[in-house]
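Whatever order the structure lists them in is the order used to number ligands and atoms, beginning at 1. The structure displayed is predicted, hence computed values, not measured ones.
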Amino acid sequence: MTQPECTRRDFLVFGSVGSLLAPIVHLFPWWKAKELMLADGRFQIVREKHPKRHYILIHGDESTAREVLTKHMETHRGIAFLSESKMRNIPIDSGQVDPNRVFSRSGAAASLQKNNPNWDARKVQDALSLLDNQREHFLNTVLPHKGELLVALHNNSSTYSVNSETAISDLQSLKQPENPHAFFLCTDPGDYQILATSPYNVVLQQHVRAPDDGSLSRRAAARLARYVNLEVAEGDAPRQQEMLNWLENHLPFVA
Ligand SMILES: [Zn+2]
């Protein structure tokens, strides 16, 4: 089903109001935000009337994942959050931060220091305070409730693959070791059991044996939320679409 066209003006008018009203928005059940703020970055919200799944494109420069998810939303009932940034990182104050490292304070601090080496301690603290104020609202909006699933679409390059994850995973099923860049990473054991019957690579990270890096998958696992990362190499849209279709056809809407 297609979405009504949202103009840039809609985003500006309702989006800025939305971020201001976020703490009291539950008082107005008829009001639906069209974007969500994280740091100084914006996420466009594409929403069906009765969404059955949640989806996110968190890294704005992963253009294959953006293309696949945008097309997918034309025919699937869900709510999608798409980074409006064209870069991997999102702006914060005069600097930048990796949006997939801000979901714990320690992960955010490490990403802020790495990406803004000229910042003094005060600037880092101010940025951490902003993220502290936004984190819960963002997570409560993006993570589904009542046993539904959040699917995060990512693209990778030569330096990252399923082989980067196997050592810290609970379980793994590598049906395509010759295609290590294409894999599912999930947090729910029930979803893992199903995904492991697919012809694709999959790892389960319910209890991660590594420091909390502030990623969305780590936060989802800690909250016992169902979450699946779908990774393929940048440019491999047919494979990402195929794997997403497999997921849609096999994973239940509600666990
Ligand atoms: Zn990514």
Side-chain angles (χ1 to χ4, degrees), residues 36-46 53-73 78-92 96-104 107-108 110-112 114-115 131 135 138-139 141-143 149-166 168-169 179-187 195 200-205 208 210-221 225-244 247:
L36 184 62
M37 296 293 293
L38 187 62
D40 293 320
R42 295 171 188 275
F43 284 75
Q44 179 194 357
I45 302 176
V46 177
R53 292 203 203 281
H54 287 209
Y55 307 87
I56 188 166
L57 174 84
I58 197 161
H59 287 138
D61 65 336
E62 295 174 0
S63 56
T64 299
R66 181 188 296 278
E67 173 194 326
V68 168
L69 179 54
T70 302
K71 193 166 160 223
H72 194 71
M73 292 304 291
I79 178 166
F81 305 89
L82 297 113
S83 174
E84 292 184 19
S85 171
K86 293 292 178 278
M87 302 190 309
R88 176 183 180 85
N89 290 342
I90 49 175
I92 185 163
Q96 53 178 297
V97 69
D98 184 333
N100 204 24
R101 291 292 179 270
V102 301
F103 301 108
S104 70
S111 181
L112 286 166
K114 178 182 167 197
N115 287 291
L131 293 167
R135 189 177 293 119
F138 189 91
L139 287 170
T141 306
V142 166
L143 289 174
L149 176 68
L150 171 62
V151 183
L153 282 81
H154 285 273
N155 299 135
N156 55 57
S157 56
S158 58
T159 54
Y160 178 72
S161 74
V162 72
N163 298 325
S164 315
E165 299 290 354
T166 50
I168 59 165
S169 298
N179 284 320
H181 295 285
F183 64 99
F184 295 113
L185 182 159
C186 63
T187 60
L195 291 168
Y200 311 111
N201 301 320
V202 52
V203 294
L204 172 66
Q205 290 191 358
V208 177
D212 188 335
D213 61 0
S215 62
L216 195 49
S217 65
R218 211 62 74 79
R219 203 78 290 107
R226 293 172 65 211
Y227 174 94
V228 174
N229 246 22
L230 169 48
E231 289 268 2
V232 307
E234 177 71 38
D236 199 353
R239 189 185 302 268
Q240 195 153 35
Q241 185 65 68
E242 180 187 306
M243 292 173 73
L244 184 56
L247 178 156

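When you scan the N, O or S atoms of Glu62 for the one nearest the Zn ion (ligand 1), you land on OE2.
No hydrogens or angles considered: a donor-acceptor pair under 3.5 Å links the side chains of Ser63 and Glu234.
Under 2.8 Å from the Zn ion (ligand 1) lies no N/O/S atom of Glu231, from backbone or side chain alike.
With the Zn ion (ligand 1) as the vertex, atom ND1 of His154 and atom ND1 of His59 span an angle of 110° (nearest 10 degrees).
Residues Arg66 and Asn155 have side chains not in contact (no heavy-atom distance under 4.5 Å, counting atoms from C-beta outward). In this structure the side chain of Ile79 reaches within 4.5 angstrom of the side chain of Ile45, judged on heavy atoms.
When ring centroids are compared, Phe81 and Phe138 stay outside the 6.0 Å threshold.
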